[in-house]
There are 2 protein chains.
Amino acid sequence: MSGTYTGVPSVLAHELPRPVPTDELAACPVGNVFRRLGDKWSMLLVVMLGGRPHRYNELHRAIEGISQRMLTRTLRGLEADGLVRRDVHPTVPPSVEYSLTPLGRTLLEPLSALADWAVAHEPEMREARSRQADG
Amino acid sequence: MSGTYTGVPSVLAHELPRPVPTDELAACPVGNVFRRLGDKWSMLLVVMLGGRPHRYNELHRAIEGISQRMLTRTLRGLEADGLVRRDVHPTVPPSVEYSLTPLGRTLLEPLSALADWAVAHEPEMREARSRQADG
DNA sequence: CAGTATCCTGAAGGATACTG
DNA sequence: CAGTATCCTTCAGGATACTG
């Protein structure tokens, strides 16, 4: 592993072969973003809205298990981060449409990569877990 | 990467144009993996070990802010998922080395994509937040 | 329809002390 | 060195009721 390995995150590769820039890492954008998106619903919502815009109650019905409180909070958070746009149409009754901003759209690609990995390898993870349950 | 990018996560693309397979989505591998890796330290540790193997106290020192309890727990979790390998060298004093498994290595690529995105776009997210602080 | 406002619980995670 | 064992706090997130 002395050469340039593709499997090392490119962001970090240029820092090597130092023991890895760890406290920088912990305080760096990566950590921040991971923590912002690492809650229960954010990534899911981004993926949902990546398909097409949705209205509030539409999301509420679609995402079985999410509470109104968390739906609102998560959407507001994503909006504050500039990932989601909230459009209020002053109709009666009011209608609010949520969609991805251009910034939000750029997130779909890496999220897709992770999702693909999940689909491809989650069975292996599950198997590893069950193996250790017996073993 | 995972082929031509449509703007919609490829895992989900084949499900469209349905309103999006949401409860499936919530119960699918993607959700599981997101939740397993979505804790405070897992992704960080995978990235760390992606650089090279580390010993326990080395990680403890490197990752400022992590408690012994959480370091152990997170490593054990990753090990149970088959992402991390734990090698005990029966020396005196004992030395334990943690490294990525082959499965764990495959995770570095999508994680890298996310990390790259974070580095590239986290400033925009931060700016969006501050903009709304002023309002 | 699209939310607030409250209350409440469980789990995540930190601090500290101790051990083979 | 590489952990356990305990205790404690915080807060993410759910449930429920109410509103413009």
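Per chain, numbering begins at 1; letters A, B, ... match sequence-line order. On a predicted model such as this, the values are computed, not experimentally measured, just so you know.
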(request) Measure from CG on B:L44 to P on C:dG13 and round the result to the nearest Å. (result) 12 Å

(message) Which heavy atom of A:H60 sits nearest to which heavy atom of A:S67, and what is that distance?
(response) NE2-C, 4.2 Å

(request) Measure the CG-NE2 distance between A:D81 and B:H121 for me, rounded to the nearest 0.5 Å. (result) 13.5 Å

(request) Measure from the side-chain heavy atoms of B:N57 and tell me the nearest of C:dG14, C:dA2, D:dA2. (result) D:dA2

(message) Between C1' on C:dG14 and CH2 on B:W41, what's the gap in Å once rounded to a whole number?
(response) 10 Å

(message) Minimum heavy-atom separation for A:R129 and B:G77, please, with both atom names.
(response) NH2-O, 3.7 Å

(request) For B:Y56 and B:Y98, indicate whether the former's side chain and the latter's backbone hold a donor-acceptor pair under 3.5 Å. (result) no

(message) Does C:dG3 have OP1 or OP2 under 4.0 Å away from a side-chain N or O of A:R86?
(response) yes

(message) Rounded at 0.5 Å granularity, tell me how far CZ in B:R126 sits from CZ in A:R36.
(response) 13.0 Å

(message) Between A:G65 and A:P94, which residue's closest nucleotide on DNA chain D lies nearer the 5′ terminus?
(response) A:G65

(request) Compare side-chain N and O positions of A:R73 against OP1 and OP2 of C:dA2 and report whether any pair is under 4.0 Å apart. (result) no

(request) Measure from the side-chain heavy atoms of A:Y56 and tell me the nearest of D:dG3, D:dG14, C:dG3. (result) C:dG3

(request) Check every atom of C:dG3, C:dA15, D:dG14 against the side chain of B:R69 and return the nucleotide holding the closest atom. (result) C:dA15

(request) Could you check how far NE2 of B:H60 sits from P of C:dG14, rounded to whole Å? (result) 10 Å

(request) Please report the closest heavy-atom contact between B:A62 and B:M48, naming both atoms and the distance. (result) CB-CE, 4.0 Å

(request) Ignoring backbone atoms, test whether A:R76 places a side-chain nitrogen or oxygen under 4.0 Å from the OP1 or OP2 oxygen of C:dG3. (result) yes

(message) Looking at every non-hydrogen atom in both residues, tell me the closest pair between B:G50 and B:L108 and how far apart they are.
(response) CA-CD1, 3.7 Å

(request) May I have the distance from B:L75 (atom CG) to D:dT4 (atom P), rounded to whole angstrom? (result) 11 Å

(message) Distance check needed: C:dG14 P versus B:E64 CD, whole Å only.
(response) 12 Å

(message) What is the distance, to the nearest angstrom, from the CG atom on B:L59 to the P atom on D:dA2?
(response) 9 Å

(message) Please determine whether a side-chain nitrogen or oxygen atom of B:Y98 lies at a distance below 4.0 Å from atom OP1 or OP2 of D:dC1.
(response) no

(request) Look at A:R55 and C:dA2 and indicate whether a side-chain polar atom (N or O) is within less than 4.0 Å of OP1 or OP2. (result) yes

(message) Please report the distance, rounded to the nearest Å, between NZ in A:K40 and C1' in C:dA12.
(response) 13 Å

(request) Take atom CZ of B:R61 and atom P of D:dG3, then tell me their distance rounded to the nearest Å. (result) 13 Å

(message) Looking at A:T101 and A:G82, would you say the former's side chain and the latter's main chain have a donor-acceptor pair under 3.5 Å?
(response) yes

(request) Treating a pair as Watson-Crick (purine N1 to pyrimidine N3 plus N6-O4 or O6-N4) or G-U wobble (N1-O2 and O6-N3) with both distances under 3.5 Å, list the stems of 3 or more consecutive pairs that involve DNA chain D. (result) C:1-20 with D:1-20

(request) Between C:dG3, D:dG3, D:dG14, spot the one nearest the side chain of A:T72, thanks. (result) C:dG3

(message) As a test of reading the structure: which of C:dA17, D:dA17, D:dG14 is closest to the side chain of B:Q68, going by heavy atoms?
(response) C:dA17

